[in-house]
Colleague: 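My questions all concern the structure below.
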Amino acid sequence: METKMEVISLVKGINDVYGSPGYTPVVFIDYSISPHEKIAYYEMADCCIINALRDGMNLVPYEYVVCRQGTEEMDRHCLIHEVPKRTSTLILSEFIGCSPSLSGAIRVNPWSIQDVADGLSRASWMSSHERQLHHQKHYRYISSHDVTFWTRGFSKELERACKVNANQIYYRLGISLSFRVVSLSPNFRKLSISEVVSIYKRTTNRAIFLDYDGTIIPVSSASKVPSTALVSILNDLCANPGNTVFIISGRGRTTLDEWFCSCTNLGIVSEHGYFIRWTRDSSWESSPPFGINFKWKNTVELVMKSYTEATDGAYIESKESALVWNHQYADVEFGSCQAKELSNHLQSLLIDAPVLVHRGQNIVEVKPQGVAKGMAVEKILKQLSANGKLLDLIICIGDDRSDKNMFRSLNDAVARPSLAAPPEVFACTVGQKPSSAKYYIEDTDEVLELLSAIVETQNGSAPNE
Ligand SMILES: O=P(O)(O)OC[C@H]1O[C@H](O[C@H]2O[C@H](CO)[C@@H](O)[C@H](O)[C@H]2O)[C@H](O)[C@@H](O)[C@@H]1O
């Protein structure tokens, strides 16, 4: 009601200033009108503006263009005897669903009064020839993308999805806004701690790869520094000469170095595989080699800065090989909208640069192409084999997209026919969700439970079953 009163008052204000006897510039229709009347309005309108802040699939622009095309019968009723040159002009908010499909429309940002005013001005000054061209383009698109076109497209997509997912098992997860249906492979199952422990007991050469955030430290935890208990578990695991233990993280090496300075035998992979260090006292190896071209960082930083200015709570994290735009402290919905837009923006801008733009948990990250956790895992496995260490057990745990690549590399490495006796592999994702891992574990608490159970076995006391 308040909005309606405001609109009425604005309309009155404009009409008082710009109107004259017999001329009312703004006619506000706030009652329902018949379809015929609406068609007549559309048919008469030189320009149609829809500047909604957000909506799904608004059909008004399509209806407007079709009405402007008219029919012979409409022409007859309007006493038009010669086929006229059809024109139409559309001004559309860039945030509405149909906006990208109507490429001849003048696109405006509805949040900016100036942008909308410029759009109206452009529409008023557009030549008749240009209006005709836009109209033809839109009308052609609308006539060829009719209900049959969309129905066929949807059913084809549905058929494809059914074929791909025929053997999958479907689960309903979450509640309220986080509710989703996920399809999982029938072989995907919960990791049994007792099974892993019993296999651990009868193996001698093991590799344990652990992601950091979301795997051994909860995403929700305010402090990201590893607890004394966690450091102690890792040290106990590393104390067994048969174990090669690596933290495989996207975080920078200085942070990880500082956090794990008391873990002498712990291996660290930082910046998603860009840096590898086998023990605390060995030096960092870099792959690709140190000194590759990082010119793209300047451009990326400029773009990220402009999104940071427009997004309250967002900030930029500068790593040695990568730049990260973090929106953890921004408004949840706006932050992820901005992240999506930034990621698209960067992808189109960096099409020729040797980088990868990827989205993670509350972050958009730009890093060198080819740098991935899987690459690091491969490198470690190769090195172990070159050192004559034949692994009989591999445990690999991670929680997010960057870890998928690690699971895939592991699957590939183990499937290689060169391995006479393939090791037991437990590739495990944290949380029940689609993954390239064969197993899942509920949360970080359960990961720590698993690691503690292993340590207890190793120290001789039976773990709690
Ligand atoms: O590979 P991971 O160990 O899972 O690390 C990936 C990223 O970790 C950090 O981001 C995460 O922690 C941030 C707060 O400390 C949080 O805001 C963000 O949502 C998390 O994704 C790190 O800042 C990134 O550079 C790493 O890529």
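One-based numbering along the sequence shown. Both ligands and their constituent atoms are indexed starting at 1 by order of listing.
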Colleague: What are the atoms of ligand 1, with element, lying closer than 4.0 Å to any heavy atom of D400?
Modeller: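 Under 4.0 Å from D400, ligand 1 has these atoms: 4 (O).
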
Colleague: Is any NZ, NE, NH1 or NH2 atom of the basic residue among E333 and R54 found under 4.0 Å from an Asp or Glu carboxylate oxygen of the other?
Modeller: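 Looking at E333 and R54, the cut-off is met.
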
Colleague: Indicate yes or no: does D257 engage R277 in a salt bridge with an N to O separation below 4.0 Å.
Modeller: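 Result for this pair is yes, salt bridge flagged.
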
Colleague: Does E271 reach ligand 1, in the sense of a heavy atom lying below 4.0 Å from it?
Modeller: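 Outside the 4.0 Å threshold, so no.
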
Colleague: Can you establish whether the number of heavy atoms outside K305 located under 6.0 Å from its atom NZ is more than 12?
Modeller: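 Counting neighbours around NZ of K305, 12 or fewer heavy atoms of other residues, nucleotides or ligands fall under 6.0 Å, so no.
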
Colleague: Heavy-atom contacts under 4.0 Å between T215 and ligand 1: side chain, backbone, both, or neither?
Modeller: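 Contact part for T215 vs ligand 1: neither.
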
Colleague: Please list, in number order, the atoms of ligand 1 under 4.0 Å from a heavy atom of V324.
Modeller: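 Here the atoms of ligand 1 in question are 25 (O).
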
Colleague: Report yes if some N/O of Y315 lies less than 3.5 Å from some N/O of ligand 1; otherwise report no.
Modeller: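 No: no nitrogen or oxygen of Y315 is under 3.5 Å from one in ligand 1.
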
Colleague: Out of all atoms in ligand 1, which are within 4.0 Å of some heavy atom of D211? Include the element for each.
Modeller: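 Taking each heavy atom of D211 in turn, ligand 1 has 1 (O), 2 (P), 3 (O), 4 (O) under 4.0 Å.
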
Colleague: Out of all atoms in ligand 1, which are within 4.0 Å of some heavy atom of Q328? Include the element for each.
Modeller: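 Atoms satisfying the 4.0 Å criterion: 14 (C), 16 (C), 17 (O).
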
Colleague: When you look at E195 and K190, which way does the salt bridge (Lys or Arg N to Asp or Glu O under 4.0 Å) test go after all the steps?
Modeller: CA-CA 11 Å; E195 186 188 345; K190 190 163 160 55; over 6 Å; no

Colleague: Count the heavy atoms of every other residue, nucleotide or ligand shown that sit under 6.0 Å from CG of N344, and state whether that count exceeds 12.
Modeller: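 Yes.
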
Colleague: State which residue, out of R253, K367, K297, fulfils the salt bridge (Lys or Arg N to Asp or Glu O under 4.0 Å) condition with E320.
Modeller: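 Considering R253, K367, K297, a salt bridge (Lys or Arg N to Asp or Glu O under 4.0 Å) with E320 is found only for R253.
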
Colleague: Any idea which of K373, R251, K367 brings a heavy atom closest to atom 1 (O) of ligand 1?
Modeller: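 Going through K373, R251, K367 one by one, K373 has the nearest heavy atom to atom 1 (O) of ligand 1.
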
Colleague: For atom 8 (O) of ligand 1, what's the nearest protein heavy atom and its distance?
Modeller: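 Looking only at protein heavy atoms, the one closest to atom 8 (O) of ligand 1 is D213 OD2, 3.2 Å.
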
Colleague: Are side-chain N/O atoms of K373 and S402 paired as donor and acceptor at under 3.5 Å?
Modeller: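 Result is yes, a qualifying pair exists.
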
Colleague: Please determine if R160 and E157 form a salt bridge, counting it only when a charged side-chain N lies under 4.0 Å from a carboxylate O.
Modeller: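 The answer is yes: the pair qualifies as a salt bridge.
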
Colleague: Check ligand 1 against S249 and write out every atom of the ligand that is under 4.0 Å from a heavy-atom position of the residue.
Modeller: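 That gives atoms 1 (O), 2 (P), 3 (O), 5 (O) of ligand 1.
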
Colleague: Hey, do the aromatic rings of F246 and W278 have their centres closer than 6.0 Å?
Modeller: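 Here the rings of W278 and F246 have centres that are less than 6.0 Å from each other.
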
Colleague: Identify, by atom number and element, the atoms of ligand 1 in contact range of Y212, meaning under 4.0 Å from any of its heavy atoms.
Modeller: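 Close to Y212: 3 (O).
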
Colleague: Within ligand 1, which atoms have a heavy atom of E317 less than 4.0 Å away?
Modeller: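 In order of number, 22 (C), 23 (O), 24 (C), 25 (O).
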
Colleague: Between Q361 and ligand 1, which part of the residue brings a heavy atom under 4.0 Å of the ligand: side chain, backbone, both or neither?
Modeller: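 The answer is both.
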
Colleague: With a heavy-atom distance limit of 4.0 Å, tell me whether N326 approaches ligand 1 through its side chain, its backbone, both, or neither.
Modeller: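 The answer is the side chain of N326.
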
Colleague: Got a salt bridge between E365 and R359, using NZ or NE/NH1/NH2 to carboxylate O under 4.0 Å?
Modeller: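 Answer for the salt bridge query: no.
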
Colleague: Taking 4.0 angstrom as the limit and counting only heavy atoms of K319, give me the atoms of ligand 1 inside it, by number and element.
Modeller: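 Under 4.0 Å from K319, ligand 1 has these atoms: 24 (C), 25 (O), 26 (C), 27 (O).
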
